[in-house]
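Just so it is clear, the structure is predicted and the values come from calculations on it, not from any experiment. Each chain gets a letter, A, B and so on, in the order its sequence line appears, and its residues count up from 1.
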There are 2 protein chains.
Amino acid sequence: MNTIDDIDRRILRELQRDSATPLEELGTRIGLSRNACWRRIKALEAAGVIDRRVALLNPGTLDLGLMVYIQLRTSAHEPGWLEKFSRATNAMPEIMGVYRMTGDLDYLIRARVPDMAGYDRLYQRLIARVPLSDVSASFVMEEIKDTHELPL
Amino acid sequence: MNTIDDIDRRILRELQRDSATPLEELGTRIGLSRNACWRRIKALEAAGVIDRRVALLNPGTLDLGLMVYIQLRTSAHEPGWLEKFSRATNAMPEIMGVYRMTGDLDYLIRARVPDMAGYDRLYQRLIARVPLSDVSASFVMEEIKDTHELPL
DNA sequence: CCTTATCGGGGGAAATCTTCCCATATTCAA
DNA sequence: TTGAATATGGGAAGATTTCCCCCGATAAGG
């Protein structure tokens with residue numbers, strides 16, 4: 001695929017902010033006809049730069065007001081532990097992110113739950129499925145910034 | 001607004017996975033006519049449950065392969081520090097999330113950069129704008145799970 | 001100069017969305 | 001049971017958008 005130029009980047013910036021704007025307006029906004037714009041978008045989709053179009057939901061209206069980061073420090077794991085851990089966390093929808101990290105903590109989990117009781121249910125379910133040694137949770141008191149937009 | 005029932009939840013689940021499917025297919029998939037489906041979506045948008053439609057981009061194709069979590073422990077801050085910190089982080093596009101946390105760490109920053117050098121540039125820019133005392137970074141070695149989908 | 005390739009613009013057909021209508025369940029309360 | 005309120009399904013019409021084809025401009029290379 002071709003390299004991504006500045007016009008592509010402008011298109012991407014618009015689309016990851018709002019993908020519902022009609023092509024016509026998007027075109028005029030970035031100084032391109034709706035057709036040229038459309039072709040670039042199709043190319044970006046074909047190249048996998050644009051992954052997909054989704055709807056972003058408002059956590060507050062869905063009783064998911066509590067965001068929690070769970071830090072795991074693990075002692076030596078038996079073989080197959082990571083595989084089991086991966087399957088368990090991927091099967092739990094409250095868990096939105098699982099990362100293997102550098103540094104003193106081994107794994108970091110990002111999750112959304114209704115409240116503290118919801119976190120406890122999540123925690124109980126998690127440790128029931130996967131043996132975990134050192135677990136500590138930190139709760140988000142205030143979301144100063146939270147976006148999906150990649151820097152372009 | 002009315003309470004969200006199971007049909008609404010199914011609609012939301014589909015939409016936050018893929019909002020590009022035509023109404024007709026979405027309707028048949030959840031067992032509803034395109035019309036009833038459309039009315040529910042409009043209601044969910046009006047109620048703010050559906051925030052907006054966006055395009056999700058692939059970080060790998062955009063040279064943003066490194067995700068980093070920055071932990072801040074702060075000693076006593078002068079008044080106005082949080083305001084300055086908020087403005088600085090919101091103005092830096094690499095920083096995708098900033099959270100005030102419970103527990104032993106005060107603030108958590110989530111960011112995406114091309115590589116370690118990119119992180120260093122981000123770090124330098126950040127500490128040049130806001131006085132920070134105790135900063136430590138953890139880098140994501142492996143993304144076991146990473147989604148925007150809220151649990152419904 | 002000519003050819004080729006690439007990119008943008010214009011036009012238009014096809015698909016989709018949006019908004020009506022109204023008849024028909026379904027639920028809930030009286 | 002009856003009535004009211006609510007939600008659905010279907011049709012249909014117009015507006016909008018998507019998508020594709022063709023042509024012209026521009027640039028690179030022979």
Between dG9(C), dG9(D), dC19(D), spot the one nearest the side chain of Leu32(A), thanks.
dG9(C)
I'd like to know whether the aromatic ring centres of Phe139(A) and Tyr69(A) sit less than 6.0 Å apart in this structure.
no
Nucleotide of dG8(C), dC17(C), dG9(D) approaching Ile7(A) most closely (side-chain heavy atoms)
dG8(C)
Distance only, no hydrogens: is a donor on one side chain within 3.5 Å (strictly under) of an acceptor on the other, for Arg73(A) and Tyr107(A)?
no
Using side-chain heavy atoms (C-beta onward) and a distance below 4.5 Å, is Arg125(B) in contact with Glu94(B)?
yes
Write down the distance between CG (Leu23(A)) and P (dG8(C)), rounded to a whole number of angstrom.
14 Å
May I have the distance from Arg39(B) (atom CZ) to dG9(D) (atom C1'), rounded to whole angstrom?
8 Å
Looking at the base of dG10(C), is there any donor atom on it, or on the side chain of Asn35(A), that sits under 3.5 Å from an acceptor on the other one?
yes
Is any side-chain N of the basic residue among Glu83(A) and Arg87(A) closer than 4.0 Å to the acidic one's carboxylate O?
yes
Against the side chain of Pro22(B), the closest entry in dG8(C), dC17(C), dG10(D) is dC17(C)
Side-chain N or O of Trp38(A) closer than 4.0 Å to phosphate OP1/OP2 of dT18(D):
no
Send over the distance from Arg34(A) CZ to dC19(D) P, rounded to a whole Å.
13 Å
What is the separation between atom NZ on Lys42(B) and atom P on dA7(D), rounded to the nearest whole Å?
18 Å
Between Arg53(A) (CZ) and dT17(D) (P), how many Å, whole number?
14 Å
Under the salt bridge (charged side-chain N to carboxylate O under 4.0 Å, His left out) rule, what do Glu25(A) and Arg29(A) come out as? Steps first, then yes or no, please.
CA-CA 6 Å; Glu25(A) 188 188 332; Arg29(A) 192 176 304 175; 2.3 Å; yes
Rounding to a whole Å, what distance do you find between Glu24(A):CD and dG11(C):P?
12 Å
Just to be sure I understand the rule, does Arg40(B) reach a base, reach only the sugar-phosphate, or reach nothing, if contact means heavy atoms closer than 4.0 Å?
sugar-phosphate
Rounded to whole angstrom units, what separation is found between the CD atom of Glu25(B) and the P atom of dA15(C)?
15 Å
Check the distance between dT18(D)'s C1' and Leu26(A)'s CG and give it to me in whole angstrom.
13 Å
